2 protein chains.
Amino acid sequence: MNDELLRVLRRPPRERADAARNRTRVLEAASRLFAEGGVAALTVDAVAQAAGVGKGTVFRRFDDKSGLVSALLDQRERELQEAVVFGRPPLGPGAPARERALAFFDAYLAYLADHLDLVRLSETAAPGARFRIGAYVFWHRHLAILCADRPDPDHLAHVLLGMVAADLNAELLSQGIDWGRIRAGVAAAVDALVAPVHAP
Amino acid sequence: MNDELLRVLRRPPRERADAARNRTRVLEAASRLFAEGGVAALTVDAVAQAAGVGKGTVFRRFDDKSGLVSALLDQRERELQEAVVFGRPPLGPGAPARERALAFFDAYLAYLADHLDLVRLSETAAPGARFRIGAYVFWHRHLAILCADRPDPDHLAHVLLGMVAADLNAELLSQGIDWGRIRAGVAAAVDALVAPVHAP
DNA sequence: AGCATAACCGGACTTAGGTCCGATTGTCGA
DNA sequence: TCGACAATCGGACCTAAGTCCGGTTATGCT
């Protein structure tokens with residue numbers, strides 16, 4: 001039982017070398033397949049085969065397909081997150097809440113426009129996947145803090161993020177509503193929703 | 001070619017008796033399976049077998065699983081639609097736009113609370129299924145008309161409907177946000193978004 | 001260096017939605 | 001009543017996500 005105690009105290013052993021190598025292989029293979037054939041070519045079997053790895057390995061690393069695609073998007077999303085936390089106003093700290101929110105949605109829509117297919121895949125691979133992605137939780141906190149003076153910031157933040165759901169915006173585009181209208185519409189809504197409670 | 005002409009002019013032949021009988025059988029089987037085992041029991045194979053019908057038949061009638069579930073919900077949804085078109089204010093015609101919108105969301109949230117699992121299934125069975133359902137198109141028109149004086153009623157109506165997406169609300173419930181908070185939050189958002197443009 | 005252990009690997013297997021096509025059967029016109 | 005046509009039927013088949021488990025290998029301790 002001394003052994004057990006020691007094992008608990010010991011820091012978790014670092015990732016095995018083969019595991020790390022396989023992770024990068026899988027991500028590279030996925031990236032290449034997507035570049036060549038779009039989302040249609042991005043099946044787990046194809047990725048595993050292209051990476052020279054078993055299917056089980058992919059699922060152990062990334063949990064599910066949604067996780068794999070999220071990992072592909074991770075880099076870009078991280079940049080946006082850092083700009084929000086450490087960047088200059090109005091995206092970063094320092095600007096009034098409403099302007100920060102507007103800046104965030106502008107930046108996020110640009111990101112979405114660049115990666116709509118992949119984001120959509122990561123959000124719809126499994127029902128409810130969208131809300132489990134780390135980035136979603138992050139954006140939700142950010143917006144809830146910006147709306148702190150409203151009656152229910154938690155709910156409002158979810159509603160705001162609903163406007164940038166990949167599925168919705170893919171549908172809007174297919175209906176002929178272009179990114180310009182989307183940006184304008186989102187900005188107007190943010191303006192109306194994040195405004196401080198108006199005194200009558 | 002005379003034949004062909006006649007065939008075109010002739011009204012489309014009514015649904016074959018066996019086809020109609022099978023449709024009701026499938027719907028009854030689906031309804032029973034759901035009552036007994038919830039959404040988990042609602043697989044297409046199980047429904048087909050319980051209805052004593054081949055799998056192909058189910059798909060021919062209802063296109064896909066989403067269509068089957070939508071058909072199950074059709075009755076209830078129709079009642080709501082009729083109340084909106086022919087009912088008394090504030091849900092029906094006659095009340096100011098903002099009040100009609102508020103009444104609609106209240107009624108829809110009640111419907112959603114009663115059938116969350118099924119609605120979720122019908123909305124997430126296939127990516128983008130939500131927007132193809134007839135009812136969605138109907139609600140979208142209704143709301144766009146109510147927002148006619150806003151800059152982009154089309155986009156705004158989509159954003160408003162985003163608040164009652166089944167997936168989102170299932171997530172909110174699982175996070176401990178109850179229907180009372182949801183109703184209040186939605187009402188506040190509708191109030192802010194549907195308000196006529198304020199003169200500065 | 002050698003060994004015990006735990007993590008990792010990978011492919012066979014399961015599940016479920018959706019497609020297809022030969023066989024069947026209802027419907028319409030004569 | 002009967003025949004031809006077209007819609008319908010049904011189950012075998014396909015695809016793709018996700019699970020499982022016996023074999024393998026890196027790791028860390030002695």
Side-chain angles (χ1 to χ4, degrees), chain A residues 2-26 29-30 33 37 39-70 121-122 124-129 132, chain B residues 2-26 29-30 33 37 39-70 121-122 124-129 132:
Chain A
N2 229 344
D3 284 354
E4 206 164 332
L5 203 60
L6 284 173
R7 212 173 304 134
V8 170
L9 290 175
R10 192 161 44 206
R11 68 177 178 198
R14 67 169 178 276
E15 185 177 47
R16 268 170 57 165
D18 52 350
R21 194 183 57 232
N22 279 344
R23 174 167 58 219
T24 67
R25 272 190 193 166
V26 168
L33 283 175
V39 288
L42 214 56
T43 69
V44 178
D45 289 276
V47 169
Q49 189 174 359
V53 145
K55 202 178 189 179
T57 303
V58 177
F59 281 102
R60 193 168 327 94
R61 286 276 151 266
F62 301 103
D63 293 340
D64 55 13
K65 191 177 180 178
S66 169
L68 171 60
V69 179
S70 295
L121 203 56
S122 80
T124 61
R132 270 173 260 129
Chain B
N2 229 342
D3 283 353
E4 206 163 334
L5 203 61
L6 283 174
R7 209 173 306 134
V8 170
L9 289 175
R10 193 163 44 205
R11 68 176 177 195
R14 68 168 178 277
E15 185 177 47
R16 270 170 55 165
D18 52 349
R21 194 182 57 232
N22 278 345
R23 174 165 60 218
T24 66
R25 273 191 192 166
V26 168
L33 282 175
V39 288
L42 214 56
T43 70
V44 178
D45 289 276
V47 169
Q49 187 173 359
V53 146
K55 203 178 185 179
T57 303
V58 177
F59 281 102
R60 191 167 328 94
R61 286 276 152 263
F62 301 102
D63 294 339
D64 55 12
K65 190 176 181 179
S66 169
L68 171 61
V69 179
S70 295
L121 203 55
S122 80
T124 61
R132 272 174 258 131

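Below, read A as the first sequence line, B as the second, and so on, with proteins coming before strands; counting in each chain starts at 1. Quick caveat: nothing in here was measured; it's all calculated off a predicted structure.
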Distance in angstrom units between [X] [atom1] and [N] [atom2], rounded:
X     : N      : atom1 : atom2 : value
B/F59 : D/dC13 : CZ    : P     : 18 Å
A/Q49 : C/dA12 : CD    : P     : 12 Å
A/D64 : C/dT15 : CG    : C1'   : 16 Å
B/D45 : D/dG10 : CG    : C1'   : 12 Å
A/N22 : C/dG11 : CG    : C1'   : 15 Å
A/F62 : D/dA17 : CZ    : C1'   : 16 Å
A/R16 : D/dT24 : CZ    : C1'   : 9 Å

key: Taking every non-hydrogen atom, the tightest pair across B/P127 and A/T124   = CB-OG1, 4.4 Å
inquiry  = Looking at every non-hydrogen atom in both residues, tell me the closest pair between B/S66 and B/S122 and how far apart they are.
reply    = OG-O, 2.8 Å
note = In this structure, CZ of B/R61 is separated from CG of B/N22 (nearest 0.5 Å) by 7.0 Å
Hey, is the side chain of [X] pairing donor to acceptor with the base of [N] inside 3.5 Å?
X     : N      : result
A/R60 : D/dG18 : no
A/K65 : D/dG18 : no
B/K55 : D/dA12 : no

ask   = NA contact type, B/T57, heavy-atom cut-off 4.0 Å: base, sugar-phosphate, or nothing?
value = base
ask   = With a non-hydrogen cut-off below 4.0 angstrom, is B/R23 in contact with a base, only sugar-phosphate, or nothing?
value = nothing
request  = Tell me which of A/S66 and B/V53 sits closer to the 5' end of DNA chain D, going by the nucleotide each one is nearest to.
outcome  = B/V53
message = Return whichever of A/D63 or A/A40 has its heavy-atom-nearest nucleotide of DNA chain D closer to the 5' end.
response = A/A40
ask   = OP1 or OP2 of C/dC9 less than 4.0 angstrom from a side-chain nitrogen or oxygen of A/R61, does that happen here?
value = yes
task = For residues B/K65 and B/V58, determine if any side-chain heavy atom of one lies less than 4.5 Å from a side-chain heavy atom of the other.
result = no
task = Can you spot which of B/V44, B/T57, B/V26 makes a side-chain contact (heavy atoms from CB on, under 4.5 Å) with B/F62?
result = B/V26
